[in-house]
Structure formats: C-alpha cells, structure tokens
Visitor: 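There's a structure below that I have some questions on.
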Amino acid sequence: MRKRTKQTRMPLGVVGLIVVFLVSFGILLRGATAQEKKVPSKDEKLKVGFVYVGPRDDYGYNYAHDQGRLCMEKKLGWVETLHAENIPESADVERVMEQMIRQGAKLIFPTSYGYLDPAINVAKRHNDVIFMHAGGFKTAPNLGTYWAYIYNAMYLSGIAAGKLTKTNKLGFVAAHPIPQVLGNINALTLGARSVNPKVETHVVFTGGWYNPGKEAEAANSLVDLGVDVLTQHQDSPIAVVQTAEKRGVYAVGYHSKDLQKFAPKGWLTGASWNWCNLYADLAKEVKDGKWKGGHRRGGLETGYFELAPFGAAVPNDVRDMVMKKRKEILDGKYVVFQGPVKDNKGTLRVKAGEKPTFERIEQMDWFVEGVVGTVPK
Amino acid sequence: MFLFLQGVLTGAVRSETSVLYATLGETLGERAGITNLGMEGCMLMGACLGFVTMAHTDNLALSMMAAALAGGLSSLIHAFLVVTRRANQLASGLALMFFGLGVTGFIGRPYVGMKIRGLNELPIPYLSEIPFVGPILFTHDVLTYLTYLLTPLLWVFLFYTRWGLAVRAVGENRTVAYASGLRPSLIQYLAVFFGGMLAGLGGAHLSIAYTHMWVEGMTAGRGFIAVALVIFSMWHPLRGMLGTLLFGGAIAFQLQLQARGSRISPYILDMTPYLLTLAVLLLWGRTRKHAMPEGLKAVFEGVD
Amino acid sequence: MEARMRAITRVGTGQPARLIRLMGMVSFAFLAVGIFLWAFGKNPVRAYGEIFQGALGSTYGLTELLVKMTPFILCASATALPARIGLINVGAEGQLHTGALIATWGALTFGDLPRGILLPFLVILGFAGGAIWGSFSGALRTMVGLNETISTLLLNYVAVLLVEHYVHGPWKDPASFNWPFTAEFTEAARLPTFGSSRVHFGLVFALTAVVVLYLVLRKTRWGYEMRVIGDNAEAARRAGIPIGRYIVLTMFIGGGLAGLAGMAEVSAIQGRLRPGISTGFGYTGFLVSWLASHHPIGIVIMAFLLGVLALGGDMIQINLGLPYSTVNIIMALIFFIVLGSGQLKKMGA
C-alpha cells in the first residue's frame with residue numbers, strides 16, 4: 001500500500017553525525033567534570049546512598065524512607081547523602097548502585113524489596129561498601145537487612161476501624177499479594193475483629209505499587225460494595241485516602257502520618273514509619289567500623305514505626321481502647337498473631353499460645369479469618 | 001446481582017472518562033487522516049499543567065483551560081512534523097509521548113504530593129435518584145457530564161456538518177479535498193490541535209477530578225488504550241464511547257469480583273479488559289478495514 | 001537498498017551544507033534543553049557532562065551501555081522485520097515477556113540438564129515464546145483481518161500479566177519467603193557474561209540478528225519478495241507472492257527476537273523470573289526501529305544513542321538532583337529534530 005519515494009534517504013548519516021557530535025561533546029565536557037571531582041574534601045564525610053522505587057514525595061513508602069534520610073542528614077553533621085528515585089526493579093538498579101559507589105558511597109540503602117538480588121550482586125563486587133536492604137530475607141557479609149513490625153500499628157488501627165465501622169466492612173486496596181502486604185491486611189482484620197467479631201475485610205489487589213487511577217477505582221469499587229473504612233498498602237497512599245474523603249468514608253493511613261492532611265474529616269489513625277533513628281544508628285556503626293550485619297528488626301518499642309495521631313472522628317473511649325492495647329503490646333503482654341489464629345479457610349495457622357517468629361510472619365501467604373479474598377497460588 | 005451490575009456500570013462510567021476524552025480526540029485526528037500515538041503525552045501534559053494551575057490559582061475553569069491548551073499545543077508539534085514536514089506519524093507520535101513524559105516529569109516534580117481542592121462528584125438532583133440509572137449516570141463530576149454532551153456533539157459535527165465533512169474528506173484523500181477547494185493542512189492542524197485539547201482535558205480529569213493528585217506517568221497507558229479503542233470503534237465517536245464503557249466496565253467488573261472474594265488470581269482477572277476488547281474485535285474483524293479513513297491506510301495497512 | 005546505501009555516503013560526504021545544518025539543529029536541541037534547565041536554575045553544562053560521562057566516561061559505563069543496548073536492538077529488530085512488509089508490531093514488549101516466561105519454564109523444569117544441552121534449549125524456548133505470541137497477531141491479521149497494531153498492543157498487557165500471574169502464583173519460590181520470584185536458575189541455565197561485566201551473550205544474539213537481517217533483506221529472494229510486498233501489496237499478490245505466509249513468518253521471527261531479549265534478561269541478568277524484567281524495552285525498541293527507518297545498522301546506532309541518554313539520566317539524578325525525565329526531554333527534542341529535518345521522510349504517510 002505504501003509508496004516509497006524514489007530517493008528515500010537514510011537517517012544513518014544524520015544519526016551517525018549526532019553520535020559523533022555527542023561523543024565529542026562528552027569527551028570535551030569530561031575533562032571539565034573530572035577535574036571538578038578531584039578536589040579533596042577537608043573533613044571526610046560518610047557518603048550514604050538511597051535508592052527509591054518511586055518518587056520521594058509520594059507521602060508513602062518512598063517518602064518515609066526519604067524523611068528518614070533527611071532527618072539522619074540533619075542529625076549527623078558528618079553524613080552526606082545521595083539519592084535516586086523512580087528506579088525500576090530491573091537491570092537498572094545495579095547500575096545505579098554502582099554509580100553511587102563511584103561517587104564514593106560507603107553505605108547504601110536499596111529500599112525496595114525487588115532490589116535484593118541486585119544489591120547482593122553489587123555487594124559481592126564491593127567488599128568495602130555496606131548495604132542495608134529494606135525487608136530482605138537474605139544476607140551477605142557486607143549486606144544486612146532491616147525492617148520493623150509495622151503490622152502492630154495496623155493491628156491498633158484495626159481496633160479503631162472495627163469500633164467505628166457501621167457496615168462492618170473494611171476495604172483494603174493492596175498492591176501485590178506479598179507477605180508484608182498480607183501481614184498488614186491480617187493484622188488490621190485481627191485488630192478489628194478483636195473488638196467487633198462481625199467485621200470483614202474486603203481486599204482488592206491492583207497489581208502495581210503506583211497506579212493512582214487504578215487505586216482510586218479500586219477504592220471506589222470497595223465503597224460501592226458498602227465498605228466504610230478504607231485503607232491500603234500502596235507506595236502512594238494519597239489516591240486511596242483522598243477517595244475515602246471524597247466518598248465520605250473513614251480512612252486508615254499507611255506509611256506516613258502526614259497523610260492526615262488529605263483526609264481531614266475521615267482520618268482515623270494509621271501506621272507510620274520513622275526510619276530516622278535506625279538510619280542514624282546504622283551510619284554511626286558503619287563510620288565506627290562496628291557494623292555487624294544480619295537481619296535488623298524492630299517492634300513498637302524501637303520507634304521505627306508508630307501509630308499515627310488520631311483524627312477528629314475517633315471518640316475518646318476508642319482512643320483509650322487503642323492506647324491500652326498499645327501499652328499491652330509494649331509491655332509484651334500481647335503479641336500480634338499470637339495463637340490461636342485461623343486462616344479464612346478454617347485451617348489453624350498459629351496454635352493456641354504460640355508466638356510466631358518474624359521469619360514466619362515475613363513468609364505469610366494466607367489470610368486470617370474475616371478477610372474476604374484469596375491469596376493467589 | 002443488581003448491586004453488582006450497578007457497581008460495574010457506575011465504575012465503568014467513572015473510571016473511563018479520561019480515556020473517553022482521549023478517544024474522542026484521537027477519533028477527530030484520525031478522521032482527518034492523522035494518527036497521534038502521542039495521546040499519552042498529551043494526556044500527561046493536561047494532567048500535569050491542569051494540576052499545577054489548580055495548585056497555584058485554585059481556579060477550576062482556568063485549570064481546565066490550561067490543561068486543554070497544554071494538550072493542544074503539544075500536539076501541534078506532532079501536527080507540524082507530520083503535516084508540514086511529512087514525518088512518519090507513528091515515530092512522531094511516540095516521540096511526542098516521550099516529550100510529554102519528560103516535560104511533565106520535570107515541571108511537575110515539585111507538585112508531587114501536593115494537595116489541591118480538586119473537582120468533586122456532583123450528583124444531579126432528582127436525576128441521580130432514579131433507580132439503577134441514576135447512580136450509574138448522574139453521580140459523577142462535571143467533566144464526566146461534559147462527555148455526555150461532547151460525544152454526540154462530535155458525532156453530529158463529523159457526520160452532519162459541512163466542517164465535519166471537510167475533516168473526513170481530508171482524511172480520505174488530501175489531494176481530492178484540495179482539488180475541491182479545501183485547505184487540507186489547515187484542517188489537519190486544527191483536528192490534531194482540538195484532538196490534543198480533548199486529551200489534555202482527559203488528563204486533567206485524572207489528576208484534578210479523579211485522584212486529586214499528580215505524579216509522573218500517572219496516565220499509565222491510557223493514551224495507548226485510547227488509540228486502540230479508536231480502531232476498535234471504527235472511527236466513530238458513539239461507538240468510541242461504547243468501547244471505553246466496555247473497557248472500563250471490564251476493569252470495574254474485575255475489581256468488583258475481587259472485592260467480593262473471587263478465587264481467581266487478580267492477575268488473570270486483570271486481563272479481562274484486554275481480552276474482552278480482543279474478543280469483540282475478533283467478532284467484528286472483517287468490517288473494520290472498510291471503515292478506516294483512506295488517508296490512514298498508508299500508516300496502518302502496509303499489507304492489504 | 002543500494003539507493004539507500006548511496007544515500008548514506010551522499011549525506012556523509014557529499015553535502016557539507018546539509019551536514020552543517022544538521023549539526024546546527026542538533027546543537028539547537030541541546031541548547032533548547034540547556035535553556036530549559038537554566039530557566040529552572042540548573043547548570044546545563046554540568047548536566048550534559050554527567051550524561052555523557054555516565055555512559056562514555058569509563059569502561060564500566062561502556063559495558064553497561066552494551067547491556068542496555070542489547071534488548072533495545074533485539075526489540076527494534078522485532079519491530080523492523082515485520083515493518084519491512086508494512087506491519088506495525090507494537091508488541092515487542094509482550095513478546096519479550098512471553099519469551100522470558102517460556103524460557104523460565106524450561107530453566108525450572110530441566111535445570112539439571114548439562115549446560116551444553118540446556119542453554120541452547122532455553123534459547124530455542126525463549127525464541128519460541130516470543131515467536132508464538134508474535135505469530136498469533138500475524139495469524140489474526142491474515143485469517144480474520146484484525147489489525148496487528150491493536151492486537152499486539154493489547155497482547156502486551158496480557159503477556160505482562162501472565163508473567164505476574166506465574167511469579168505470584170504457581171512459580172513462587174517458597175525458599176524466597178513467598179516473594180514474587182521464581183526459584184533461582186541453576187548455573188547451567190545462566191547465559192554466560194563477558195569477563196566481570198554484565199555484558200552477556202544476548203549481545204551476540206542482537207548483533208547476529210542485525211547482520212542476518214541485513215543479509216536476508218539485501219541478498220535473498222525472501223528479502224526481495226518482502227520488499228515487493230512492502231512497496232505494493234497488490235502487485236506482490238499478482239506476482240504470486242504468498243503475502244499471508246510472510247505476515248505470519250515475519251511476526252514469528254520478529255516476536256522470536258524479542259523473546260530472545262526476554263530470555264537473555266532472565267537468564268543472564270536476573271537469574272530468575274520476576275516482575276519488572278523490562279522497563280519498556282519493547283516500546284523503546286519500537287521507537288528505535290522507526291527512527292532508524294527499520295535499517296539494521298541504523299538500529300544499532302539509534303540504540304546506542306538512547307542507551308547513552310538512559311545511562312546519563314541516572315547520573316544527573318544522583319549527582320545533580322535533576323529528575324530522570326530530563327533525558328526524556330532531550331531524547332524527544334532530538335527525535336523531533338531528526339523527524340522534522342526530513343531525513344526520515346516516510347514512505348507512505
């Protein structure tokens with residue numbers, strides 16, 4: 001169908017020219033930048049690199065890590081940070097870490113779960129650089145992992161949700177069915193059912209960490225179903241929280257307490273990270289040569305996460321109830337996921353009196369009783 | 001069941017407004033013989049600049065205008081390249097997508113995570129109380145209501161006005177159109193420009209009305225889906241609306257199923273809109289070719 | 001083709017005026033972005049410095065550039081071959097994913113086979129995975145007349161979701177804490193890399209594909225017949241060229257090439273299947289192919305250019321705090337200028 005003009009000129013020449021042009025341009029500039037870098041800094045600062053999977057202003061997962069970075073930088077004068085955002089969990093992330101090391105980074109935080117294998121690969125090549133991966137399950141001599149039992153705060157939020165729901169339906173907009181997400185869904189449900197056994201949590205997976213349009217639609221679908229408390233585990237909680245506010249239902253936050261401003265009316269409470277102290281501790285350890293590696297985990301007592309402030313919608317008796325449970329958890333009198341816990345198919349998953357280890361919780365692939373949904377198999 | 005169906009249909013209307021705008025815009029452009037694969041870029045421009053304007057001025061009308069202009073002006077680059085410079089339409093469109101992605105990622109960076117007033121749902125009194133139909137059609141925002149007007153308007157414009165005839169004539173054959181006294185280039189420029197404006201509005205619906213937020217790449221492929229739906233709809237605005245409803249309905253359907261505890265993997269459920277569109281196309285496969293504007297055949301139908 | 005080659009030399013040597021004008025235009029693209037950056041308070045000279053240093057300033061950068069170029073070239077070839085007879089294959093992204101999927105199936109099922117048998121087998125599986133996905137669209141085109149632009153585009157989403165389904169479901173590795181990864185491939189299933197770099201055997205596939213494509217299109221009867229179809233399908237039909245067979249065949253081989261890219265990505269880079277193996281390689285490949293007018297050598301050069309910019313995007317982010325999108329703007333402007341300069345004057349539109 002298409003007609004070719006007789007003299008179709010190839011772009012090869014053009015493109016070749018551009019390339020030659022680019023290369024010469026690059027070489028020219030290379031000299032300039034290379035010199036710039038050789039200037040030795042007087043006081044040797046520890047360079048710390050952060051790699052984020054999404055934008056650092058998402059008021060979600062990446063925002064939490066970035067707040068930790070900024071706070072650490074402020075707290076420790078001798079730290080200098082590098083960061084890269086929107087880095088996909090593909091072949092690219094290895095290169096980004098390598099480039100950070102080339103810039104002098106001695107401690108790197110690959111903060112997304114999919115960065116684990118690439119980080120281990122890079123760690124193998126650079127013995128002098130320390131890596132701390134968020135949430136990983138594998139370690140290397142110079143790669144450790146860190147995480148916190150944030151599901152505790154989801155459990156506490158669940159209490160408030162369970163008390164305030166009128167339809168007895170909670171809605172959870174989840175990204176992917178991975179253990180950390182399932183753990184939060186389960187903890188929220190357990191918390192809600194501890195005060196209101198009629199509660200059911202409806203779960204929708206969006207199949208992505210960051211797709212506001214789809215998250216909003218998932219949230220709307222849940223509200224159409226009669227859900228009157230919405231929460232989520234997405235990298236970007238803004239869409240779901242705002243949809244909740246728009247539709248006039250309650251919102252439980254996740255990742256950041258600063259989300260409250262997006263739902264002034266419907267905000268209940270939520271789970272919020274606070275990585276500042278951990279990051280500062282780790283930087284100190286690395287600087288003093290005392291870093292030991294392994295899995296670093298923290299509960300409510302560490303302050304690595306916290307229960308977000310209550311919203312105006314939460315009455316005082318509910319607040320007291322939540323705070324009482326919080327104290328019980330702090331005192332070790334109650335452990336979230338302590339037995340007996342049944343899954344939503346009726347199988348006993350945790351025996352009565354048993355307190356599951358963090359490895360078991362971090363491998364969770366089932367829903368507790370009261371969750372409407374199936375974990376894909 | 002009743003509630004389920006209502007939920008699916010409401011969701012279909014609500015979520016696909018942005019795609020419908022882009023579909024209408026692309027229909028207009030393609031009727032004039034210009035494919036714009038860069039609808040994704042135009043939508044992003046609209047989403048971003050609409051949001052930015054809203055953040056600064058808090059003025060809805062102004063934001064809509066900014067969004068439409070952003071979409072329209074960026075698509076003019078495409079028009080210049082393919083109409084005046086006779087560049088390849090697909091390559092130019094894709095370059096426009098990268099342009100939109102880049103410019104909005106850059107300009108919009110400081111606005112990620114910002115809070116705006118946004119456009120809220122505005123149930124129409126009385127009408128929204130009609131059982132079943134009311135919630136489905138009349139519980140949305142102004143931009144969605146606008147599509148109820150725009151879609152038939154575009155249809156009337158294209159098929160029952162002199163100007164529409166001119167657009168289609170140019171899309172069928174530039175030379176003949178020129179010979180009959182039309183100015184093909186001008187018409188194509190205008191079609192692409194207004195098409196881009198519509199896409200910009202679609203983007204603004206996503207950022208200002210639907211999610212109240214802006215983030216880089218938030219259109220997540222909606223622009224591409226719009227291009228596919230135009231072929232699906234055989235370059236017809238009304239069928240285009242049907243197509244977006246079908247597509248949006250499939251998405252809403254799978255979300256409703258999930259929320260009700262379906263045992264099927266969400267990833268398999270997620271395939272529904274794409275597979276359904278394909279299935280419908282297969283059923284109507286043969287007729288499509290004749291509906292295509294002649295001028296587009298050079299782009300789409302290398303082999304015949 | 002001969003005319004094309006002559007054209008290259010003409011542009012290269014015979015027309016200094018055009019050459020200067022082009023240089024001027026490209027400089028203009030850089031200047032425009034430079035002003036843009038400067039307007040936002042960024043130093044454009046440093047930004048460009050970082051971009052070029054990222055890819056061209058060190059051996060490491062150069063090896064990473066080759067890693068980045070490999071899927072670009074394969075996916076661009078997947079677009080270019082069908083494009084020779086006028087087909088628009090937007091589906092390299094999906095074909096890449098199905099290639100990775102089928103190859104992973106092989107690696108997980110036959111991981112114990114000796115390397116010498118397993119690896120070639122995986123290569124065949126990867127190719128087949130993409131080829132089947134591609135030829136499906138081709139078959140729909142010949143049999144039902146379904147436009148391949150739309151079918152390949154829609155099937156992309158389906159293929160990505162298929163991968164997600166398998167890694168989140170049946171193939172989830174219990175040893176990986178129920179994360180969405182398959183088990184790690186055995187050593188025998190890993191495609192070799194060169195030296196200590198990440199440059200892998202996929203590059204050899206890519207370059208071979210380019211050379212073979214070039215020779216087939218130029219030297220063989222197939223190439224001739226494809227050119228005839230591309231020039232005038234009606235004439236081709238009258239001359240008795242089996243158009244339908246060519247449609248399926250080019251989509252089969254094109255899809256297979258994209259499948260190889262997917263296979264190489266899981267087998268050489270990741271060592272297991274997981275979501276997000278591709279960051280839009282298929283779409284970038286599509287652009288590369290169209291910008292190179294589907295010319296094999298042009299594809300390599302375009303892939304090089306895009307690779308440099310992609311690598312540079314990370315550098316300006318880490319070192320200057322500029323968003324990655326800056327390179328998307330630069331890229332788009334260069335494309336606009338190349339397209340607008342009329343050098344790519346398209347057949348048809």
Side-chain angles (χ1 to χ4, degrees), chain A residues 1-3 5 54-60 63 85-86 169 171-174 176-177 200 202-208 210-227 236 238-243 245-247 256 258 261-262 344 367 371-377, chain B residues 3-4 6-8 10-11 14-16 18-19 86 105 109-115 118 120-121 135 206-207 209-222 248 251-270 297-304:
Chain A
M1 257 337 262
R2 53 180 200 188
K3 262 176 249 144
T5 41
R56 56 183 204 281
D57 293 324
D58 57 11
Y59 279 85
Y63 174 80
E85 58 181 358
N86 293 322
K169 285 180 180 167
F172 203 113
V173 181
H176 288 289
E200 288 193 319
H202 295 260
V203 181
V204 172
F205 291 104
T206 58
Y210 214 130
N211 186 345
K214 194 153 179 210
E215 286 151 27
E217 189 43 45
N220 275 313
S221 303
L222 287 165
V223 177
D224 289 345
L225 190 76
V227 153
S236 58
I238 305 179
V240 174
V241 171
Q242 295 211 97
T243 306
E245 186 76 355
K246 229 164 61 161
R247 298 289 302 261
S256 165
D258 300 340
K261 74 170 181 188
F262 294 102
N344 65 352
F367 279 135
V371 177
V372 182
T374 325
V375 178
K377 283 266 155 39
Chain B
L3 240 151
F4 181 78
Q6 180 178 315
V8 168
T10 317
R14 183 174 47 215
S15 63
E16 288 315 289
S18 52
V19 182
R86 319 290 298 140
R109 186 66 198 77
Y111 298 88
V112 177
M114 204 174 257
K115 195 187 170 200
N120 283 318
E121 277 83 9
L206 201 60
S207 66
Y210 198 50
T211 64
H212 291 201
M213 63 181 282
W214 155 253
V215 71
E216 186 176 338
M218 76 182 296
T219 46
R222 282 175 176 76
I251 294 174
F253 170 75
Q254 76 97 348
L255 291 174
Q256 288 282 343
L257 264 191
Q258 272 200 58
R260 283 170 163 78
S262 147
R263 298 185 154 270
I264 310 166
S265 154
Y267 302 99
I268 300 290
L269 283 178
D270 246 355
K297 290 203 171 150
V299 184
F300 278 122
E301 309 273 317
V303 208
D304 215 348

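Remember, predicted model here, so these are calculated numbers, not experimental data. Lettering follows sequence order; numbering is per chain, from 1.
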Visitor: Is it true that a side-chain atom of K246(A) and a backbone atom of T211(B) form a donor plus acceptor pair closer than 3.5 Å?
Guide: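 No, because the side chain of K246(A) does not come within donor-acceptor range (under 3.5 Å) of the backbone of T211(B).
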Visitor: Pick one of side chain, backbone, both or neither for A220(B), based on which atoms fall under 4.5 Å of a heavy atom in chain A.
Guide: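 For A220(B), the contact with chain A is made by the side chain alone.
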Visitor: Taking C-beta and beyond as the side chain, do Y63(A) and V112(B) meet within less than 4.5 Å on heavy atoms?
Guide: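 Y63(A) vs V112(B): side chains apart.
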Visitor: Using heavy-atom distances under 4.5 Å, tell me whether V203(A) contacts chain B through its side chain, its backbone, both, or neither.
Guide: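 Backbone only.
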Visitor: Which atoms of S15(B) come close to chain A, meaning under 4.5 Å heavy atom to heavy atom: side chain ones, backbone ones, both, or neither?
Guide: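 For S15(B), backbone and side chain are both near chain A.
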Visitor: Looking at Q258(B) and F205(A), would you say the former's side chain and the latter's main chain have a donor-acceptor pair under 3.5 Å?
Guide: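 Indeed, once roles are kept as given, a pair shorter than 3.5 Å links the two residues.
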Visitor: What part of N211(A) is in contact with chain B, defined as an atom under 4.5 angstrom from a non-hydrogen atom: side chain, backbone, both or neither?
Guide: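 Contact with chain B: side chain only.
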Visitor: Measuring heavy-atom distances to chain B, does E85(A) have an atom under 4.5 Å in its side chain, in its backbone, in both, or in neither?
Guide: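 Looking at E85(A), just its side chain touches chain B.
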Visitor: At a 4.5 Å cut-off on heavy atoms, which part of R222(B) comes close to chain A: side chain, backbone, both, or neither?
Guide: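 Just its side chain gets close to chain A.
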Visitor: Which one of G213(A), P55(A), A219(A) has the most heavy-atom pairs closer than 4.5 Å to chain B?
Guide: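 Most heavy-atom pairs under 4.5 Å with chain B: G213(A).
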Visitor: Contact between R109(B) and D57(A) at the side-chain level, heavy atoms closer than 4.5 Å - yes or no?
Guide: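 Touching, per the 4.5 Å side-chain cut-off.
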Visitor: CZ/F4(B) to CG/L225(A) distance, rounded to the nearest 0.5 angstrom?
Guide: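 If I round to the nearest 0.5 Å, the distance is 10.0 Å.
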Visitor: What distance do E121(B) atom CD and N220(A) atom CG have between them, rounded to the nearest 0.5 Å?
Guide: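 If we round to the nearest 0.5 Å, E121(B):CD and N220(A):CG are 6.5 Å apart.
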Visitor: Determine the option with the most heavy-atom pairs under 4.5 angstrom with chain B, choosing from P177(A), G60(A), S236(A), G54(A).
Guide: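 Ranked by contacts with chain B, first place is P177(A).
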Visitor: Heavy-atom pairs under 4.5 Å with chain B are the metric here; pick the option from E200(A), K169(A), K214(A), E215(A) that has the most.
Guide: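 With the most close heavy-atom pairs to chain B, the winner is K214(A).
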Visitor: Identify which part of E217(A) has an atom lying under 4.5 Å from any heavy atom of chain B, answering side chain, backbone, both or neither.
Guide: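 It is both, since atoms from each part get that close.
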Visitor: Looking at chain B, which one of F262(A), F172(A), Y59(A) has the largest number of heavy-atom pairs inside 4.5 Å, strictly under?
Guide: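 That would be F262(A).
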Visitor: What part of R56(A) is in contact with chain B, defined as an atom under 4.5 angstrom from a non-hydrogen atom: side chain, backbone, both or neither?
Guide: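 When you check distances to chain B, atoms from both the backbone and side chain of R56(A) fall under 4.5 Å.
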Visitor: Could you tell me which non-hydrogen atom of K261(A) sits nearest to which non-hydrogen atom of G113(B), and how far apart they are?
Guide: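 Of all heavy-atom pairs spanning K261(A) and G113(B), the closest is NZ-O, 4.2 Å.
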Visitor: Given a strict heavy-atom distance threshold of 4.5 Å, which part of F367(A) is in contact with chain B: side chain, backbone, both, or neither?
Guide: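 It is neither, since no heavy atom gets under 4.5 Å.
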Visitor: How close do L255(B) and S221(A) get, counting heavy atoms only, and between which atoms?
Guide: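 Shortest heavy-atom separation between L255(B) and S221(A) comes out as CB-OG, 3.5 Å.
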Visitor: Against chain A, label Q6(B) side chain, backbone, both or neither, depending on which of its atoms sit under 4.5 Å from a heavy atom there.
Guide: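 Neither the backbone nor the side chain of Q6(B) comes within 4.5 Å of chain A.
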Visitor: Y267(B) versus chain A, heavy atoms under 4.5 Å apart: side chain, backbone, both or neither?
Guide: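 It is the side chain, since no backbone atom gets that close.
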Visitor: Looking at every non-hydrogen atom in both residues, tell me the closest pair between A259(B) and L222(A) and how far apart they are.
Guide: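 Residues A259(B) and L222(A), closest heavy atoms: CB-CD2, 3.7 Å.
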Visitor: Let me know if V215(B) has heavy atoms under 4.5 Å from chain A in its side chain, its backbone, both or neither.
Guide: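 The answer is the side chain of V215(B).
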Visitor: Measuring heavy-atom distances to chain B, does N86(A) have an atom under 4.5 Å in its side chain, in its backbone, in both, or in neither?
Guide: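 The answer is the side chain of N86(A).
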